[in-house]
Amino acid sequence: MTTTAEIFVDGKFLKADQVQPVIEAATGEPLGDGASATEADIDAAVAAARAALAEWQSASPDHRADVLTAFAAALESRARSTDELVSRENGMPMSLSRGANGRFPAALVRYYAQLITETPIEEIRPSMIGHTVVRREAVGVVAAIVPWNYPQALAAFKLAPALAAGCTVVLKAAPETALDALVFAQAAEEAGLPAGVLNIVPGGASAGAHLVSHPGVDKVTFTGSTAAGRAIGEVCGRLLRPVTLELGGKSAAIILDDADLDATIKGLRNASLVNNGQTCHLSSRILAPRSRYGEVLDALVGMVGALNIGDPLDKSTDIGPLVSARQRERVLGYIESGKASSAKLVAGGSVPADQPRGWFVSPTVFADVDNSDRIAQEEIFGPVLAVIPYDGDEEAVALANDSEFGLAGTVWSTDDERAIDVARAVRTGTVGINDYQLDFRAPFGGVKASGIGRELGPEGLDAFFALKSIYRVGPADD
Ligand code: NAD
């Protein structure tokens, strides 16, 4: 375990001047000292990224792909210890951690390493005066800011395409997961990423704000809450700085009246509760057809009652603790607001009696929720489900769309075509049919208050290019 708080700047591990303890989610005990980057640390990281930019962006795509392939291998070789570290930091059950941490970032880095070798850097198009060369150039120094819930995967969403495109990066990790962020630094050093190409500065919101408005930054890419996203978007708007925002959600699971209930409830375990409810794309508003309402409710209550709550390091655990005391207070506050509303609490609703340490909350289900209630409109970021009855597909779609957010959603049905029609009508960036699994070859992101722009897939690489058109007279040489 790291005991000295460090940042990684210009290819060097530096002892942090300012430290913040990282607390183990399941025990509430200190896990290690994390760096809490100062403005001077951010300034040094941006300066290093600027200095490294010219060489990295002018390296051939094949060369960058080779370095990134070595980077992926270095991440993968650390996967087991990374998985455990993240689960200790944020409470992620190990069964999820095994895929979402060490292995997923490595796979994503490999995907973009391959994609950059297949992406034309210059395209020639005929024009009125001759032809135009359309160039994809690296957008420059990237400020990447990530939350604690999937610290490795969400950082990889940004680092992998940015580095492949030829950008240099300053990654500001969240203080709750300051320790695992340094794994990227160890892997970068082992893979021979040139100094300054990737800089890691864990720290709080003020360090993030300093980075966003830094004059040395060319592009901001952020994942986190809608409130912070609005603040960052305002700054980037004023500076006319390109920005990608992946924000919160309050997605709906539409259970159609022909759904196979056993399969649906099994699928919803993941789609509505994965990572202890701390996932942005969860279908946490469950829309149930009135004709099968009682059946759906009983099945959901049965499902949450059978979940294994406990040590995230135990492979059989379904629900671990929330990330922090602050997050647990927030979630318990939402549960109180549900109890005070006209909704009926039918499962959970408190801290589990057999988990006196750490930040656990029992999986909770509210029935008869009105879609305008706080627990149906606001993102809770904990294991709390709101069940809402509806009549007819049209009302289900209207309820799903009656939300400030538009990140994700799911449709559950035995009729695939009917489900896809419903999915087409839902106003979100992604929808799963009878499951919800991200596909890293396809764009991911939200509409409305869930964000601006897309990550993953070729679109996620495009986000790190600036396009230049060079108009030439005469025909192109072949
Ligand atoms: P948060 O917005 O408070 O923090 C996220 C990150 O931003 C942290 O690193 C934090 O230090 C930094 N930050 C906060 N305010 C900032 C500011 N003004 N300027 C610059 N940086 C700032 O969010 P959180 O509570 O840590 O994370 C949970 C939120 O993230 C949830 O709302 C969730 O939906 C969202 N999220 C979205 C996605 C997605 O892809 N859409 C994925 C995961 C999480």
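When a ligand or atom number is given, it counts from 1 through the structure's own listing order.
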| query | Between Trp148 and Phe381, what is the ring plane arrangement, given parallel below 30°, perpendicular above 60°, and tilted in between? | reply | perpendicular
| query | Taking atom types as modelled, is there a side-chain donor on Lys158 or Thr244 under 3.5 Å from an acceptor on the other? | reply | no
Output block, N or O contacts of ligand 1, threshold 3.5 Å exclusive:
residue: ligand 1; atom: 2 (O); partner: Ser225; partner atom: N; Å: 2.8
residue: ligand 1; atom: 2 (O); partner: Ser225; partner atom: OG; Å: 2.6
residue: ligand 1; atom: 9 (O); partner: Val146; partner atom: O; Å: 2.8
residue: ligand 1; atom: 9 (O); partner: Lys172; partner atom: NZ; Å: 2.8
residue: ligand 1; atom: 11 (O); partner: Lys172; partner atom: NZ; Å: 2.8
residue: ligand 1; atom: 23 (O); partner: Ser225; partner atom: N; Å: 3.4
residue: ligand 1; atom: 26 (O); partner: Trp148; partner atom: NE1; Å: 2.8
residue: ligand 1; atom: 30 (O); partner: Gly224; partner atom: O; Å: 3.3
residue: ligand 1; atom: 30 (O); partner: Ser225; partner atom: N; Å: 3.4
residue: ligand 1; atom: 32 (O); partner: Glu379; partner atom: OE1; Å: 2.5
residue: ligand 1; atom: 34 (O); partner: Glu379; partner atom: OE1; Å: 3.0
residue: ligand 1; atom: 34 (O); partner: Glu379; partner atom: OE2; Å: 2.6
residue: ligand 1; atom: 41 (N); partner: Leu247; partner atom: N; Å: 3.2
residue: ligand 1; atom: 41 (N); partner: Leu247; partner atom: O; Å: 2.6

| message | For Asp83 and Arg80: C-alpha separation, side-chain torsions, deciding distance, then whether salt bridge (charged side-chain N to carboxylate O under 4.0 Å, His left out) applies. | response | CA-CA 5 Å; Asp83 298 343; Arg80 286 193 95 72; 6.0 Å; no
| task | Apply salt bridge (charged side-chain N to carboxylate O under 4.0 Å, His left out) to the pair Arg357 and Asp311, showing each step before the final yes or no. | result | CA-CA 10 Å; Arg357 300 192 319 155; Asp311 181 0; over 6 Å; no
| task | Carefully, step by step, assess Arg238 and Glu234 under the rule salt bridge (charged side-chain N to carboxylate O under 4.0 Å, His left out). | result | CA-CA 6 Å; Arg238 181 163 45 76; Glu234 276 179 30; over 6 Å; no
| query | Under the side-chain hydrogen bond (donor to acceptor under 3.5 Å, both in side chains) criterion, do Asn90 and Glu176 qualify, and how do the steps go? | reply | CA-CA 7 Å; Asn90 72 3; Glu176 294 86 347; over 6 Å; no
